[in-house]
Amino acid sequence: MSSELNAGGRAGTGTAGTGESQPDATSDIDLLRAHADGAPHAFAELIRRHNDHLWQTAARVCYTPEDAADALQEALLSAHRNAGSFRAESGVRTWLHRIVVNACLDRIRRNRARPALFLPPEVWPEISDNSDDYGRVDISIVLERALFQLPPDQRAAVVAVDVEGYSVADAAEMLGVPVGTVKSRCARARQRLKTELDSLYAEGNQM
């Protein structure tokens, strides 16, 4: 698959074949079906279209960039091998999103045996009650820290709904769970986030 992905990464440069730029109007479903039928570069073009979104999803669900990269690679390999199982009951992007999230959650479960979790200082800032510097820490870093305190299933749900802006119904479809499950996970996640953020701003940690 790597050679296919490399070829797809160059597709937008207009160097393939004739050397002329040829915009591809082929639908995602047609590309996936073409790949399942053996077309050599169809999957690479499909991933080129959605790679940024899939990477952001993996980065938000996994704890580290390294795990996100590994989970994304595992997800793309799975999608590559199982394209023939796609039944068009959802959009291709939704199908890919679900595979990526599941790969991330699987990797998190496998990593639970690790004795410690290392994250760089800019992600887990040192909090000091007597320091004024914390007041200048960007709010996105604070929120990222709070998100990583959540259980993986809750984080995946709240990222899909509150960070990426999907509807609850769309998030449920992407995650492969009932709408009510997404609602309850989001509700629990929001409460935990509020508790975590309140504790960060308490007693001298106010921004």
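The shortest distance between side-chain heavy atoms of L72 and N51 falls below 4.5 Å. When side chains are defined from C-beta on, R192 counts as touching P151, because their heavy atoms get closer than 4.5 Å. Annotation: side chain of R49 is in contact with side chain of D28 (closest heavy-atom distance under 4.5 Å). Contact annotation: the side chain of R190 approaches that of D162 to within less than 4.5 Å [non-hydrogen atoms, C-beta and beyond]. Side-chain contact between T57 and H97 is present, with heavy atoms from C-beta onward closer than 4.5 Å.
Nearest heavy-atom pair, V161 versus C186, reported as atom, atom and distance to 0.1 Å: CG2-SG, 3.8 Å. Heavy atoms only, all atoms of each residue included: C104 and A58 are closest at SG-CA, 3.6 Å. Taking each heavy atom of V158 and L150 in turn, the nearest pair found is CG1-CD1, 3.9 Å. The heavy-atom pair separating A169 from V179 by the smallest distance is CA-CG2, 4.1 Å. Closest non-hydrogen pair, R98 versus G176, comes out as NE-N, 3.9 Å. Pairing each heavy atom of I29 with each of A88, the nearest pair is CD1-CB, 4.5 Å.
Between F43 and H35, the ring-plane angle classifies as tilted under the 30° and 60° cut-offs.
Of the inter-residue distances, the one linking L105 atom CG with R107 atom CZ reads 12.0 Å to the nearest 0.5 angstrom. From I108, atom CD1 reaches atom CZ of R155 across 4.5 Å, with rounding to the nearest 0.5 Å.
With hydrophobic clusters built from ILVMFWY side chains whose heavy atoms lie under 4.5 angstrom apart, M174 does not share a cluster with L76. When the side chains of ILVMFWY residues are joined at heavy-atom separations under 4.5 Å, either directly or via intervening members, W95 and Y166 end up in two distinct hydrophobic clusters.
Take R188 and apply the side chain to side chain donor-acceptor pair (under 3.5 Å) test, not counting sequence neighbours, and it matches no residue.
Screening residues 165-186 for salt bridge (charged side-chain N to carboxylate O under 4.0 Å, His left out) gives D153-R185 as the qualifying pairs, with residues at least two apart or on separate chains.
For the side chain to side chain contact (heavy atoms under 4.5 Å, CB included) with H50, the lone residue among I47, L46, D52 that qualifies is L46.
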